[in-house]
Amino acid sequence: GAVVSQHPSWVICKSGTSVKIECRSLDFQATTMFWYRQFPKQSLMLMATSNEGSKATYEQGVEKDKFLINHASLTLSTLTVTSAHPEDSSFYICSATPPGQLEKLFFGSGTQLSVL
Amino acid sequence: DAKTTQPTSMDCAEGRAANLPCNHSTISGNEYVYWYRQIHSQGPQYIIHGLKNNETNEMASLIITEDRKSSTLILPHATLRDTAVYYCIVRAGYSGGGADGLTFGKGTHLIIQP
């Protein structure tokens, strides 16, 4: 199956700093990637849709200025959590769909963010 | 997308078949049933999907009732590594307009007992 790589797996940062998370499609090109957030013991919540070469589409209630998404190439999307605060501590997961398999989503392994 | 209802948790003995039910009584004619699972602290993994016919792959079987209002995911010989949260998701089929993100419910926490 298609491989989606996410980096880093976990990150600890101080409150007020920014953190960048990378999502790469290793063996396919993805014009669209998706970013999710998951709090402990809760389900995944779609945050935004990342579109290669254009602006991301954010779900209602997600602050676009706080969660910056850049999809500069067909294999890389980045999520930057700006001025992180403890309430931003969460598990962030990206996903992508290979051309020809648009009915399936392949997910990265996730990034656990802890803001102190 | 139609709403789904799943039991919160289930236990199954190792080596036995695990049958996970899902109710989707408001499913529309163009909506598929998808199953994903999430092992603790990992990203979700695609398992199987179907429209109205039963489906089988190397991971599982999907049985959809004739009226399509419910379905069952079957893991034929459960192992300890199958312990995970299983999500049943109903969504419209890909229509050529581009990929869509999935909406996850709370899923079923399946615990395989040794």
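Keep in mind that what you see is a predicted model, and the values were worked out from it rather than measured. Chain letters run A, B, ... following the sequence lines, proteins first and then strands; every chain starts at 1.
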Nearest-0.5 Å distance, CD of residue Gln45(B) to OG of residue Ser109(A): 13.0 Å
Interatomic distance, Phe104(B) atom CZ to Ile93(A) atom CD1 [nearest 0.5 angstrom]: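 So the gap between those two atoms works out to 8.0 Å.
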Quick one: do [X] and [Y] end up in the same hydrophobic cluster if we chain Ile, Leu, Val, Met, Phe, Trp and Tyr together by side-chain heavy atoms under 4.5 Å apart?
| X | Y | result |
| --- | --- | --- |
| Leu80(B) | Leu110(B) | yes |
| Ile39(B) | Phe107(A) | no |
| Val90(B) | Leu73(B) | yes |
| Ile21(A) | Phe106(A) | no |
| Ile74(B) | Tyr46(B) | no |

CE/Met59(B): more than 12 non-hydrogen atoms of other groups inside 6.0 Å: yes
More than 12 heavy atoms of other groups within 6.0 Å of Lys64(A) NZ: no
Side-chain (Ser43(A)) to main-chain (Gly105(B)) donor-acceptor, under 3.5 angstrom: yes
Heavy-atom donor-acceptor pair, Tyr36(A) side chain to Leu102(B) backbone, under 3.5 Å: yes
Side chain to side chain contact (heavy atoms under 4.5 Å, CB included) evaluation trace for Tyr36(B) with Leu105(A): CA-CA 9 Å; Tyr36(B) 283 75; Leu105(A) 282 183; 3.7 Å; yes
Leu44(A) versus chain B, the contacting section by heavy-atom distance below 4.5 Å: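 Looking at Leu44(A), backbone and side chain both touch chain B.
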Steps toward side chain to side chain contact (heavy atoms under 4.5 Å, CB included) verdict (Lys104(A), Ile48(B)): CA-CA 9 Å; Lys104(A) 301 177 186 177; Ile48(B) 199 167; over 6 Å; no
Smallest separation among heavy atoms of Gln38(A) and Tyr87(B), with atom names: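 In this case the closest contact between Gln38(A) and Tyr87(B) is NE2-OH, 3.8 Å.
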Gln42(B) versus Phe91(A), closest heavy-atom pair with distance: O-CE2, 3.7 Å
Interface residues of residues 68-84 of chain A facing chain B - non-hydrogen atoms under 4.5 Å apart: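 Heavy-atom contacts from residues 68-84 of chain A to chain B are absent.
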